[in-house]
There are 2 protein chains.
Amino acid sequence: MVRSSGTKRAILDAALELAATRGITGTTMDDVAERAGVAKGSLYYNFSSKDQLFEALLEEGVGALAENLRAARGTLVGWEAIEALVGALLDRIAANAALAKLMASEIFRTDRAWQKTLFALRHEALAVFAEAIEEAGAGAVAPDAAAPASGTSTIMAASVFGAVLMSGLEWLVFEPERSRDEVAAAILASLSGAFAPR
Amino acid sequence: MVRSSGTKRAILDAALELAATRGITGTTMDDVAERAGVAKGSLYYNFSSKDQLFEALLEEGVGALAENLRAARGTLVGWEAIEALVGALLDRIAANAALAKLMASEIFRTDRAWQKTLFALRHEALAVFAEAIEEAGAGAVAPDAAAPASGTSTIMAASVFGAVLMSGLEWLVFEPERSRDEVAAAILASLSGAFAPR
DNA sequence: GTCTATAATAAGATAGAC
DNA sequence: GTCTATCTTATTATAGAC
């Protein structure tokens with residue numbers, strides 16, 4: 001992924017760090033060049049435009065996330081698959097908080113040059129969750145409230161993904177003193193009916 | 001809440017609509033003026049700066065959300081409180097998708113002029129969920145996995161909030177053909193242990 | 001209170017030397 | 001491949017007329 005000339009890698013890393021706090025639109029090419037320790041001309045030698053630079057960044061990051069999730073799930077099924085996926089996603093968020101922030105802020109924008117690329121990757125990541133949810137037979141043991149309609153596994157996947165993403169960022173950004181296991185347990189508890197009637 | 005001269009209201013509405021798709025940084029004061037149907041001078045007559053305009057916008061929107069959640073919960077306790085809060089949040093997201101998108105993209109930024117204001121309001125909204133979760137006695141019936149440590153109710157609140165926010169936007173942005181009840185049921189199922197072992 | 005016109009600066013992108 | 005210097009346009013903000 002991105003056959004590193006070294007410079008390319010430095011540019012991508014700098015862009016990610018800056019965009020995590022300022023957002024993509026709020027990050028200037030001058031900022032990126034300075035942080036990467038190269039001249040602005042080198043940015044345009046390696047990437048044809050600002051849009052293309054950030055498309056490459058998101059493609060690399062979210063693509064790696066989807067692969068990582070698939071690997072984490074392995075051949076697990078049922079609740080074990082969910083546990084593995086939640087843990088793996090949380091770890092990815094912790095290992096790359098900058099990308100997580102960027103995803104949170106870009107995932108629902110529909111006006112970007114890289115919209116299609118991001119949509120496909122987002123869908124790929126969600127699909128890993130959706131498949132695990134379907135195989136876990138969600139709905140078979142639904143509570144007294146209405147059972148989820150068929151075909152809502154993507155919605156449920158978004159629900160689980162959103163739970164991990166928001167909790168993970170809440171942890172890293174606002175409550176960094178907590179332990180990873182504490183956070184993972186809290187998320188799994190919220191997803192396992194800890195406050196639902198039995 | 002913003003004693004409307006009419007113009008002020010039009011400016012805030014225009015700013016919200018534009019920022020929902022382009023983001024705040026990507027929204028220019030010229031854009032806002034044009035969409036609101038006023039001259040740019042009027043923007044600066046009513047708001048001292050772009051930052052102050054968006055701070056007012058977020059303060060109004062997120063503040064109203066917190067109030068709304070509190071009202072929706074009323075005196076309910078346990079799982080009924082959670083159900084009411086999930087439903088109310090989902091309805092607010094559907095009624096004001098633009099604000100929901102904006103929240104998703106701004107909530108974890110730590111470099112904004114309005115950071116403190118937004119943090120306080122975010123905390124207020126999460127607190128409504130956290131209180132309901134604490135009273136529902138989360139953890140008392142935790143699964144075989146580790147029980148959540150004490151004091152993690154804010155993390156669990158973030159988890160529930162994130163689940164609703166992400167599913168809600170997934171629904172509105174990418175799967176608008178679904179019904180509100182279908183989405184609500186899917187979220188509640190994912191939170192009630194539909195795929196967890198019993 | 002609202003408008004038009006304009007000042008001041010910031011930002012994406014390119015040219016051409018090394 | 002990388003750098004410096006520069007072009008061009010976009011953007012925040014203000015001044016002053018109505």
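Computed from a prediction, not measured in an experiment: that's the story for all the values here. Lettering of chains follows the sequences in order, A, B, ..., and the numbering in each one begins at 1. All heavy atoms count here, side chains included; hydrogens, waters and symmetry mates do not.
Comparing D:dA13, C:dT4, D:dT4 by their closest approach to the side chain of B:Ala39 singles out C:dT4. For A:Asp30, the side-chain atoms get nearest to C:dG12 when compared with the rest of D:dT2, C:dG12, D:dA13. Among C:dG12, D:dG1, C:dA13, the nucleotide with an atom closest to any side-chain atom of A:Ser49 is C:dA13. Among C:dT2, C:dG12, D:dT2, the nucleotide with an atom closest to any side-chain atom of A:Ser42 is D:dT2. Between D:dA13, D:dT11, C:dT2, one nucleotide has an atom nearer to the side chain of B:Lys50 than all others, and that is D:dA13.
Across the protein-nucleic acid pair, A:Met29 atom CE and C:dT14 atom C1' stand 12 Å apart, rounded to whole Å. The NZ atom of B:Lys8 sits 15 Å away from the C1' atom of C:dT2 (whole-angstrom rounding). Between A:Leu53 atom CG and C:dA11 atom C1' there is a gap of 15 Å when expressed in whole angstrom units. Whole-Å rounding puts the B:Leu43 CG to D:dT11 C1' distance at 13 Å. Between B:Tyr44 atom OH and C:dT4 atom P the separation is 16 Å, expressed in whole Å. Nucleotide D:dT2 holds its C1' atom 10 Å from the CD1 atom of A:Ile11, rounded to whole Å. Between A:Phe54 atom CZ and C:dG12 atom C1' the separation is 13 Å, expressed in whole Å. The separation between A:Asp31 atom CG and C:dG12 atom C1' is 12 Å, rounded to whole Å.
Heavy-atom neighbours of A:Glu80 CD from other residues, nucleotides or ligands within 6.0 Å: at or below the threshold of 12.
OP1 or OP2 of D:dT2 lies within a sub-4.0 Å distance of a side-chain N or O belonging to A:Thr7.
Checking A:Arg112 against A:Thr25 by side-chain atom types alone, a donor-acceptor pair falls below 3.5 Å. If you check the side chains of B:Ser159 and A:Ser190, you find a donor sitting under 3.5 Å from an acceptor. Under the 3.5 Å distance criterion, with hydrogens and angles disregarded, no donor-acceptor pair is assigned to the side chains of A:Glu59 and A:Thr117.
In terms of position along DNA chain C, the nucleotide closest to A:Thr25 lies nearer the 5' end than the nucleotide closest to the other residue of the pair A:Thr25 and A:Gly41.
Ring geometry, B:Phe161 versus B:Phe129: the interplanar angle exceeds 60°, so the pair is classed perpendicular (tilted spans 30 to 60°).
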